[in-house]
Amino acid sequence: MANKDSLSDKAIEQGQVVDNPWRRLRSFTDARIGLGRAGVSLPTQELLAFQLNHAQARDAVHLPLDVTAMQSQLAPYSDGEVLLAHSQAENRIGYLQRPDLGRKLSQNSRDTLYQFTQQASAKPNYDIAFAVVDGLSSLAVSQNSAPFIQLLKSQLLEANPACSFAPIILVEQGRVAIGDDIGELLNAQIVIVLVGERPGLSSPDSLGLYLTWQPKSGLNDASRNCISNIRPAGLPYEEAAKRALYLITEAQKLKLSGVNLKDRTQDAVIEHKQSKQNFLIAD
């Protein structure tokens with residue numbers, strides 16, 4: 001079957017669609033540019049593509065997380081079993097209408113994590129706790145969280161073989177702040193929340209990462225660092241893991257996270273350049 005660009009090219013050749021000079025840039029981005037026009041309207045092919053992407057974005061919000069499949073995916077990268085948790089939102093409608101309920105663990109889930117910590121002979125003290133949260137796109141979580149955790153965990157152990165990990169917590173109907181409850185109950189130094197982001201029309205599978213140092217209930221978003229759009233068509237796993245490793249290392253060194261911790265993985269180290277030439281006009 002011909003792809004949408006080949007169909008559009010054929011329509012342009014036949015004079016049915018007025019070409020747009022921006023069209024040549026479409027191979028570099030998923031953004032809706034260079035669509036052309038048919039009369040005063042969008043070409044039919046582009047309108048249908050828009051409607052399909054819109055439907056996929058809506059489906060991503062409402063698609064339930066396959067908990068059993070996710071447990072199987074995450075089990076090889078969890079120290080012990082994958083623990084299940086649920087927010088205070090009882091169902092998807094409640095979750096969408098009451099964002100505050102998605103930020104707190106249900107009492108049953110709090111009891112489960114508390115009992116887990118009490119089973120140990122000594123109170124556990126983990127360096128890293130991963131919370132995998134369905135958020136607004138279970139598709140993003142099911143497709144991206146396991147391969148990303150595998151890569152990041154291997155890099156963390158390579159950098160520090162003594163790094164300790166809590167069992168992965170898989171959360172239904174959760175939002176970012178639910179990681180604060182989880183990290184506090186598990187006595188984790190750092191909690192990393194992997195959550196399905198709000199779907200875009202070209203990105204229904206975008207995974208977000210939120211890192212918090214010394215998590216505890218009551219923190220706000222200024223206490224977290226975010227890495228967004230983790231997916232093969234967005235920020236590749238390798239680049240996302242590189243940024244996450246940097247943030248984790250700096251958080252442990254400086255003992256903080258959030259607005260006071262800057263991601264400098266892409267900064268040009270201008271101060272190390274051995275030149276007196278103005279860096280603004282340097283080659």
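Because the structure is predicted, anything quoted here is derived from the model rather than measured.
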Under a single-linkage definition using a 4.5 Å side-chain heavy-atom cutoff for Ile, Leu, Val, Met, Phe, Trp and Tyr, are Val193 and Leu83 assigned to the same hydrophobic cluster? yes
Has Ser137 got a side-chain atom pairing as donor or acceptor with Ala140's backbone, closer than 3.5 angstrom? yes
Is the shortest distance from a Lys or Arg side-chain nitrogen in Lys242 or Glu238 to a carboxylate oxygen in the other one below 4.0 Å? no
If a pair satisfies side chain to side chain donor-acceptor pair (under 3.5 Å) and one of its residues is in residues 151-175, list it, with sequence neighbours excluded. Asp79-Lys153, Arg92-Gln173, Asp127-Ser164
Got Leu211 and Arg224 here, is their nearest side-chain heavy-atom distance under 4.5 Å? no
Considering residues at least two apart in sequence or located in another chain, which fulfil the side chain to side chain donor-acceptor pair (under 3.5 Å) criterion with Gln56? Asn53
Remaining members of the apolar cluster that contains Leu101, side-chain heavy atoms under 4.5 Å: none
Which residues share a side chain to side chain contact (heavy atoms under 4.5 Å, CB included) with Asp100, sequence neighbours left out: Arg98, Arg103
Mind checking side chain to side chain donor-acceptor pair (under 3.5 Å) for Ser106 and listing every partner two or more places apart, or none if nothing turns up? Ser109
Looking at Tyr114, I want to see if its OH is surrounded by more than 12 non-hydrogen atoms of other residues, nucleotides or ligands under 6.0 Å. no
Any donor-acceptor pair under 3.5 Å linking the side chain of Asp134 with the backbone of Val195? no
Treating Asp181 as the side-chain partner and Lys104 as the backbone partner, does any N or O pair qualify as donor plus acceptor under 3.5 Å? no
Check the side chains of Asp111 and Gln107 for a donor-acceptor pair under 3.5 angstrom, ignoring hydrogens and angles. yes
Do any N or O atoms from the side chain of Asn225 and from the backbone of Gly258 form a donor-acceptor pair under 3.5 angstrom? yes
Check whether any side-chain heavy atom of Pro232 lies under 4.5 Å from a side-chain heavy atom of Asn144, and answer yes or no. yes
When you check the side-chain N and O atoms of Asp180 and Ser217, is any donor under 3.5 Å from an acceptor? no
Partners passing side chain to side chain contact (heavy atoms under 4.5 Å, CB included) against Ala244 (at least two apart in sequence or in another chain): Phe148, Leu152, Leu209, Ile227
So which atom in Leu157 and which in Phe165 form the shortest heavy-atom distance, rounded to 0.1 Å? CD2-CE1, 3.6 Å
Contact between Asp263 and Tyr246 at the side-chain level, heavy atoms closer than 4.5 Å - yes or no? yes
Listed partners of Ser206 passing side chain to side chain donor-acceptor pair (under 3.5 Å), at least two apart: Glu197, Asn229
Co-members of the apolar cluster containing Val61 [side chain, <4.5 Å]: Tyr95, Leu96, Leu136
Can you name the side chain to side chain contact (heavy atoms under 4.5 Å, CB included) partners of Pro64, sequence neighbours left out? none
More than 12 heavy atoms of other residues, nucleotides or ligands under 6.0 Å from CD of Glu90: yes or no? no
Salt bridge (charged side-chain N to carboxylate O under 4.0 Å, His left out) contacts in which one or both residues fall within residues 199-212, not counting sequence neighbours: Asp205-Arg231
Treating Ile, Leu, Val, Met, Phe, Trp and Tyr as nodes and any side-chain heavy-atom pair under 4.5 angstrom as an edge, say whether Ile128 and Val176 lie in one connected cluster. no
For the backbone of Leu74 and the side chain of Ser78, can you confirm whether one donor and one acceptor N or O come within less than 3.5 Å of each other? no
State, with a plain yes or no, whether a side-chain heavy atom of Tyr237 is found less than 4.5 Å away from one of Ile230. yes
Can any side-chain N or O of Trp213 pair as donor or acceptor with the backbone N or O of Lys255 at less than 3.5 Å? yes
Indicate yes or no: at least one non-hydrogen side-chain atom of Leu84 is less than 4.5 angstrom from one of Thr112. no
For Leu47, the rest of its hydrophobic cluster, which grows through side-chain links under 4.5 angstrom: none
Minimum heavy-atom distance Pro204-Leu139, with the two atoms named: O-CD2, 4.0 Å
Sequence neighbours excluded, the answer for side chain to side chain donor-acceptor pair (under 3.5 Å) partners of Gln214 is none
Met70 reachable from Leu151 in the ILVMFWY side-chain graph, under 4.5 Å edges: yes
Smallest separation among heavy atoms of Gly196 and Val141, with atom names: N-CG2, 3.6 Å
